[in-house]
Each structure stands twice: as structure tokens, then as C-alpha cells.
Amino acid sequence: MKIIIADDHALVRNALTFMLNAQPDMEVVGDAADGNEVFMKLENTLADLVLMDISMPPGENGLHTTRRIKETHPDVKVIVLTMHDEESYVREALNAGADGFILKSTTDDILLDGIRKVHANQRYYSGYPSDRLDEMDTFEGDSLYASLSKREKEVLPLVALGHNNREIAEKLYISVKTVEVHKANIRKKLKVDSYADLLRYSVKNHLVDF
């Protein structure tokens, strides 16, 4: 299977790459330091599965990226690999559509087992039985966020992080005028009037990390 690793720490990415490439059935085909980078890389790289960190500041939150990946690449599996063990994060991973949830403190064998099970179309949330997951999996979605286009969902976290129009245009390979149009549409669809409101919305919905 072909895997992309998303984590803001180079040492973690390198260690995971070394371990996964040593497996006869796994190959790391890319890595990224933030959510938006892994999404853009997935657009240009054939991959079966993404190992996704949750917190990758400053940048797009891993849960937000997971949601975008599942919307645009539903066949790509996503495993959230994190140090956060609170149940609230498990719920948010479920809500984002993650196929797996594994703690970074786990053993190599458990991680490899989880990756193989998810690749085999099994949901793998370490420590959580299937009936408990079904009980928690009740997310109905944010209709305002769902109304955004694919490109608007890419622009939104960059605006929230304070990037100006030219910086956003360069990151997404679009024109400044197009960025302005997207920003206007985002404000209208999310029903926000100011940058402060947009920032509050992004933080509340875990779209960005600082």
C-alpha cells in the first residue's frame, strides 16, 4: 500500500518513513508538515492511506484536512495518529470521517496492525469497541461549511491564519482576484462580516492550529 505521512515534526516523519518502508507491503510515497500541504500533495500523488497528525501549527488542523480528503478522495483511508487521548478527539475524528485513530504512544506492532486493518476496509480505533464507536458516531455536519466549494475550503484556513491575498494566491496557484472572489463567497456562505468572526468560526470548528 502507498502511504502519505502528515506531521509537523520532521523527526516523527522520518522515523515513521523508516519503519513503514521496512514493511514488505508498505511504501511511503510522500510526507507533509501541515494539513494543507498533505491535501495538495494528495492531489498529485497516488496514495491508499494517510497517517494524519491532529495538531500541526501553524496551519490547517489535521481533522479539517481529514474531512476535506474524505469529501474529495473517499477511497483514500485516513488514520489519525495523535498524542491526544481524550474522548472528544475520538468523536471529532469520527465526525471528520477518519477510518482509524491511534495514539502516538502505542507500540509499532499495534500501529502496523491498525494500518493493515484500515487498508482492508476495517475501521480501527485503538481501545474503542465497535459498539462504542457507533454510539459516538452521530455527527450531522455543519450545513454552512458544507455549502463551501472545494477551493473555498482551501482558502478558508489560510485566511484564518492571516495570510494576505497574494500569499494565498501563491500557495494555491490562483490569481489574487480569484482569492478575493473566494473570500467574499466564504463570508457570505458562513454569514460572517469580519475577520474576527471568521477566525472565531475557524477556531471553534477546529479548522486551524496556532
Side-chain angles (χ1 to χ4, degrees), residues 4 6-8 30-45 47 50 52-76 78 80 82 84 86 88-99 101 136-210:
I4 292 177
D7 195 289
D8 60 322
D31 63 81
D34 63 56
N36 198 58
E37 183 182 350
V38 71
F39 187 84
M40 299 297 288
K41 185 157 292 189
L42 188 60
E43 292 280 272
N44 301 295
T45 305
V50 176
M52 182 77 70
D53 190 15
I54 289 181
S55 300
M56 294 181 281
E60 183 176 284
N61 182 282
L63 294 172
H64 175 51
T65 308
T66 297
R67 187 175 291 113
R68 285 210 287 146
I69 289 174
K70 301 307 289 188
E71 289 174 351
T72 57
H73 304 278
D75 294 333
V76 175
V78 179
V80 170
T82 179
H84 300 293
E86 297 91 337
S88 61
Y89 284 99
V90 176
R91 287 182 180 274
E92 291 181 32
L94 279 169
N95 294 345
D99 303 283
F101 185 99
M136 291 192 292
D137 195 6
T138 58
F139 182 66
E140 296 181 354
D142 183 337
S143 60
L144 295 180
Y145 176 81
S147 70
L148 299 180
S149 70
K150 173 185 172 182
R151 183 64 84 181
E152 287 162 359
K153 289 174 181 177
E154 295 174 358
V155 171
L156 172 56
L158 296 176
V159 175
L161 288 167
H163 293 289
N164 61 41
N165 291 350
R166 184 167 299 281
E167 290 171 336
I168 295 173
E170 291 175 353
K171 284 179 176 292
L172 300 181
Y173 304 101
I174 57 179
S175 69
V176 171
K177 184 175 181 180
T178 300
V179 172
E180 293 171 351
V181 171
H182 286 318
K183 288 173 66 174
N185 288 337
I186 290 169
R187 287 194 296 269
K188 181 178 180 181
K189 292 179 179 180
L190 297 184
K191 300 179 181 180
V192 297
D193 298 319
S194 67
Y195 168 75
D197 290 336
L198 184 62
L199 179 58
R200 279 192 289 270
Y201 177 91
S202 299
V203 171
K204 178 182 177 181
N205 290 279
H206 305 286
L207 304 183
V208 295
D209 285 320
F210 292 94

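Note that the numbering runs from 1 along the sequence shown for the chain. Everything numeric in this text was worked out from a predicted model, so none of it was measured.
- Side-chain contact between T65 and N36 is absent, with no heavy-atom pair separated by less than 4.5 Å.
- For the residue pair V208 and A160, the shortest heavy atom distance occurs at CG1-CB, 4.1 Å.
- When all heavy atoms of G97 and K70 are compared, the closest pair comes out as O-CE, 3.5 Å.
- With respect to the salt-bridge test (charged N to carboxylate O, under 4.0 angstrom), the residues E154 and R68 qualify.
- Side-chain atoms of Y201 never come within 3.5 Å of backbone atoms of L190 as a donor-acceptor pair (strictly under, hydrogens ignored).
- Looking at every heavy atom in both residues, F101 comes nearest to A93 through CD1-CB, 3.7 Å.
- Side-chain atoms of V80 and D53, non-hydrogen and from C-beta on, never get closer than 4.5 Å to each other.
- Judged by distance alone, with hydrogens and angles left aside, the side-chain atoms of S147 form a donor-acceptor pair with the main-chain N or O of L144 at under 3.5 Å.
- Note that CZ of R151 is 8.5 Å distant from OG1 of T178, once rounded to the nearest 0.5 Å.
- Within the model, atoms CD of E71 and NZ of K153 stand 3.0 Å from one another, a figure rounded to the nearest 0.5 Å.
- Listed by first and then second residue, the salt bridge (charged side-chain N to carboxylate O under 4.0 Å, His left out) pairs that reach into residues 172-190 are E152-K189, sequence neighbours excluded.
- Taking the side chain as every heavy atom from C-beta outward, L198 and L156 approach each other to under 4.5 Å.
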Exercise. Quick one: do H182 and I174 satisfy side-chain contact (heavy atoms from CB on, under 4.5 Å)? Show the steps, please.
Key: CA-CA 11 Å; H182 286 318; I174 57 179; 4.1 Å; yes
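- Atom CG of L158 is separated from atom OG of S202 by 10.5 Å, given to the nearest 0.5 angstrom.
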Practice problem: Give the C-alpha distance, both sets of side-chain angles, the deciding distance and a yes or no for side-chain contact (heavy atoms from CB on, under 4.5 Å) between D8 and D34. | Solution: CA-CA 6 Å; D8 60 322; D34 63 56; over 6 Å; no
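- Judged by distance alone, the side chain of D99 and the main-chain N or O of V78 form a donor-acceptor pair under 3.5 Å.
- The main-chain N or O of E167 is never found under 3.5 Å from a side-chain atom of E170 such that the two would form a donor-acceptor pair.
- Residue M52 forms a side-chain contact (heavy atoms from CB on, under 4.5 Å) with just one option from V38, L63, T82, and that option is V38.
- I69 CD1 to I4 CD1: the interatomic distance, rounded to the nearest 0.5 Å, is 7.5 Å.
- A donor-acceptor pair is defined here as one N or O able to donate and one able to accept, closer than 3.5 Å; such a pair exists between the side chain of K41 and the backbone of D31.
- For F39 and H64, the distance between ring centers is not under 6.0 angstrom.
- Note that the OH atom of Y89 and the CG atom of L94 stand 15.0 Å from one another [nearest 0.5 Å].
- Atoms CG and OG1, on N61 and T66 in that order, are 8.0 Å from each other to the nearest 0.5 Å.
- A salt bridge is absent between K171 and E37; no separation between the charged side-chain nitrogens and carboxylate oxygens falls under 4.0 Å.
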